[in-house]
Amino acid sequence: MCGIIGYIGSKRALPIVIKALERLEYRGYDSIGVLVYDQDKKIVYLEKQPGRIQEFVKTAQLDKEGNLAIGHTRWATHGGVTKANAHPHWDCANKIFVVHNGIIENFQVIKNSLVEKGHKFRSETDTEVIPHLIEEFLKRGLEYKEAVGQSLKIVKGSFALLIFNSDYPQLLVGARFSGPLILGVGDNEFIFASDPTPISLIAKNVIYLDDGEVVFVDKGGSEAKASYTIESFLGHEVAVKKGVIDFEIKEADKGDFPDFMIKEIFEEPLALGNTLRGRLILQEGRTKLGGLEMIEKKLRQIEKVVMVACGTASYAALVGEYFFEEYAEITTEVDLASEFRYRKPIINDKTLVVAISQSGETADTLAAVKEAKEKGALTIGVVNVVGSTIARTVDAGIYSHAGSEFAVASTKAFTTQIADLVLLMIFLARDYSEYDISGNSARYSEYDISGNSARYNPERKSKERKMSLVMGRRILEELNQIPKKMRVVFEDAEKIKALAEKYARCKNFLYLGRKYNFPVALEGALKLKEVSYIHAEACPAGEMKHGPIALIDENFPSLVLAPEDSVYEKTVSNIQEIKARKGKVIAVTTAGNQDLEKLVDDVIYIPKTLEMLTPLLSVIPLHLFAYYLAKKLGRDVDRPRNLAKSVTVE
Ligand code: M6R
C-alpha cells in the first residue's frame, strides 16, 4: 500500500528518496512520484507517472539538485492508475505539495465546499483536498502552522502525510492519524518513512509519531542545526516516543532464488527455528516469553481469548483457536479484524485480545486493537515487524522473528505465527499452575503421536488451567523438530512443481481440510488465487456436501489435506464423494500411509507429527504449489496485481 518518504538535510535528496522508495516497493504500488526542491535556484521539480520505479528512473528527469525531497508510491484507492492521480498533489497556487497514505473519508464534502470557493482540482483523489484546504486557511490569514493544524483537524479517516510549502522551503511537515509514519533522526538530517525499512539509509534513531501528531522539521539557516518540533492537532499532550533501529535491515536480496516468494517459502524452516530460539524450556515443558512477563499477573486472570487478524494471519489464528481450546481449555474466538468493531464484540478486562499481523501496520487489525483497549481488554501482539504500529500499541507482545517478508504473499509469516501461538498457548496452559513433576496432570493422562491426546478429565476444576509436564514437554519437543521435518517436505519440491504444472490449465480449485487443516485449506486457496489469479475456494471438508460439491466435475480439482489424524477417516469419505463425481484429487497425507495411492490422482507426503502441529508441515506443499503454478502461468509472483503488502487503509 502507499509508501511515503521525505528527506531534509545537507545531502542531495533525490537519490536518497529514490533508494528509500525502492525499499518500500515490497508494500505494493501502481504509480510513483517525487518532488525535489532546489534551494539555490528556488525551484520545485516534480515527476510522477504510473508504473514501476525501474521504469521511472529510466524515463524521469532525476538529475536535479536540492536537499529536500518527498517521494510516494501509490496504491490506488480513489481514482484510477493515472499520472494525474499519482502523488504529490498540490494547491491552486502550485506551492503546497502533499503525499499521503490512507483515506480521507470526508473528502467529497470538503472538495465540494472548496470547489464552491473557486478551487480547481486536477485529480480524482481524496488526497488533493489537503493542499487546497491548507491554501484556503492561508487565504483567510492563518499562519502556515495553524493552517496545517486546522486542516488536519477537519479531515477524517486515516492518514500519514508529508507537506511541503515552497513559501517555507526550510520546513518539511509530517502528520499521522491511523496511518504509519516514522521520523528518522540522523546527523543534521531527517528522513520520514512509512516503515522502518528505509530509515537505516541515514539514521538509527527514530521518533514514532502517535495519532493526532504533526511534526515540523526545520532545516535551519546555513549556520543553524536542523531541528524538529512535535505538536498535537487534537490537543493531547505530546510525549515524544524515541526508539532505535538496532537491527540492520538487509537490502532486499533474492540470493540464488528467482523470486522473493520462493526464497521466503524455502526460509520457512529457518524462520521457524528463529521463532523458537531461546523460548523453549524443554525440561520443564514451558515457554519463556520475555515480552509477556510484565503482564503475567493479568494473563492469569483472563477467561477468554479473542484473536483478531486479516488474511493469512487470520488463518494462523484459526489454527490457534483449535489448540487453545483443545489444550489450554480457554474459550477462544477468532475475529476478522475488519468486522470486529462493527459487530459490537463482548469483551472486557477478563478478555485477552491477541492481534496477529506480519506487517504490524494492517489498519483493520490496528483498529481492532484500539477497540479492544477501549473496552478494557488486555492486548498482545503476534507481530513480525519490530517497532511497527501494532507492536507499539498492544500491551505486550511476542515477535515472530520470521525475518523480512518482501513478497506480497505471506508465507513464512504464517508458520511462525502458528508457532508463536503454540508458545503462547503453552505459556498460558502450563504457567497457570504448579508443575506436576510426576507428569500426571489432572487433565491429560495420555497422548499419542497422531495427536488424539487431550483426554479430558471431568473431575478437573473448571477454572484450573493445567497442562501436564509430560504434555508440555511433548508438544515443545515435537515443535522443536518441525524445522527439520519441513526440510523433508522440501525434498519433494520438484515433484510438487511437476504437479503444479500438470494442473496449471485448470480454472478452479477446491481446497478441503478438517479440524487443524481446515485453516490450512483456506491458506492454500488464498495463496493460489493471490499469485496465480486462478479461482480457488476452501471449505471444511465436512461442509462440502452442503453446497460446494455441486461444483465438482472432471475439470474442477480438489486439493485435500488428509494427514493421518483424528479426522482422517472422515476426510477419506469426503475424498470418496469427490471421486464418485469424477473429480480429480490431490491429497496431502502422512508419510507411510499408502492407502490413498489408489484412491486419488496425486499424493504429496508430509512427515508424521502431532495433530495440532500438522499445519506447519501440510501448508508447505500448498505454498509451493501456488508458487509453481503461478510461475507456469508467467505471473509476477512477488507483486501480484491489485495487492499491497501492507494494507494500511480500512
Ligand atoms: O501484515 P498482516 O499480517 O497484518 O497482513 C494481513 C493480510 O493483509 C495478509 O496476510 C494478506 O492476506 C496476504 N496478502 C496473504 O498472503
Side-chain angles (χ1 to χ4, degrees), residues 1 3 24 26-29 75 178-180 194-197 259-262 264-265 268 271 307-320 334-340 353-369 381-394 397-418 420-421 511 519-520 522-533 536 538 619 622-627 630 635-650:
M1 207 140 270
L24 292 183
Y26 77 98
R27 294 165 68 90
Y29 68 102
W75 186 84
S178 280
S194 299
D195 68 40
T197 331
D259 306 281
F260 284 110
M261 183 177 173
I262 190 69
E264 288 160 12
I265 294 171
E268 290 191 56
M307 299 190 195
V308 289
C310 299
T312 283
S314 75
Y315 306 147
L318 284 173
V319 175
V334 175
D335 259 285
L336 286 172
S338 51
E339 286 297 314
F340 181 67
V353 171
V354 184
I356 305 164
S357 172
Q358 188 286 128
S359 62
E361 301 294 350
T362 301
D364 289 315
T365 311
L366 178 61
V369 169
V382 169
V383 171
N384 191 35
V385 177
V386 176
S388 54
T389 309
I390 293 173
R392 287 181 292 108
T393 307
V394 289
I398 319 167
Y399 280 116
S400 307
H401 298 309
S404 300
E405 225 187 34
F406 288 103
V408 164
S410 203
T411 52
K412 59 180 176 169
F414 177 73
T415 34
T416 55
Q417 284 159 351
I418 293 174
D420 259 356
L421 292 175
Y511 282 67
V520 179
L522 289 167
E523 165 64 1
L526 178 69
K527 219 83 314 170
L528 186 69
K529 60 190 149 194
E530 277 188 299
V531 296
S532 73
Y533 318 147
V619 77
L622 273 48
H623 282 166
L624 289 170
F625 187 80
Y627 169 80
R635 307 296 190 224
D636 182 349
V637 286
D638 285 342
R639 298 205 190 94
R641 68 184 181 201
N642 306 339
L643 294 179
K645 179 72 182 159
S646 201
V647 183
T648 49
V649 295
E650 277 194 68

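As the structure lists them, so they are numbered: ligands from 1, and atoms in each ligand from 1.
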Please round to the nearest 0.5 Å and tell me the distance separating atom [atom1] of [X] and atom [atom2] of [Y].
X	Y	atom1	atom2	result
Thr365	Gln358	OG1	CD	11.5 Å
Arg27	Thr648	CZ	OG1	5.5 Å
Asp638	Asp636	CG	CG	6.5 Å
Glu405	Tyr26	CD	OH	10.0 Å

Quiz item: Out of Thr648, Val647, Thr312, whose heavy atom is nearest to atom 11 (C) of ligand 1?
Solution: Thr312
Could an N or O of ligand 1 be found under 3.5 Å from any N or O of [X], whether backbone or side chain?
X	value
Lys645	no
Lys527	yes
Gln358	yes

Name the closest protein heavy atom to [atom], giving the residue it belongs to and the distance to 0.1 Å.
atom	answer
atom 1 (O) of ligand 1	Ser359 OG, 2.7 Å
atom 5 (O) of ligand 1	Thr362 OG1, 3.4 Å
atom 14 (N) of ligand 1	Glu530 OE2, 2.4 Å
atom 7 (C) of ligand 1	Cys310 O, 3.6 Å

[X]: numbered ligand 1 atoms lying under 4.0 Å from its heavy atoms:
X	value
Ser357	1 (O), 2 (P), 3 (O), 4 (O)
Val408	14 (N)
Ala409	16 (O)
Ser410	15 (C), 16 (O)

Is any side-chain heavy atom of [Y] closer than 4.5 Å to one of [X]?
X	Y	result
His623	Glu264	no
Lys527	Leu622	no
Tyr627	Thr411	no

Self-check item: Residue from Ile356, Leu522, Leu526 passing side chain to side chain contact (heavy atoms under 4.5 Å, CB included) with Thr312
Solution: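 Answer after filtering Ile356, Leu522, Leu526: Leu526.
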Quiz item: Do side-chain atoms of Asp259 reach the backbone of Met261 as a donor and acceptor pair under 3.5 angstrom?
Solution: no
Practice problem: Could you tell me if any non-hydrogen atom of Leu643 lies under 4.0 Å from any atom of ligand 1? | Solution: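 No, Leu643 has no heavy atom closer than 4.0 Å to ligand 1.
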Quiz item: Below 4.0 Å from any atom of ligand 1, is there a heavy atom belonging to Glu361?
Solution: no
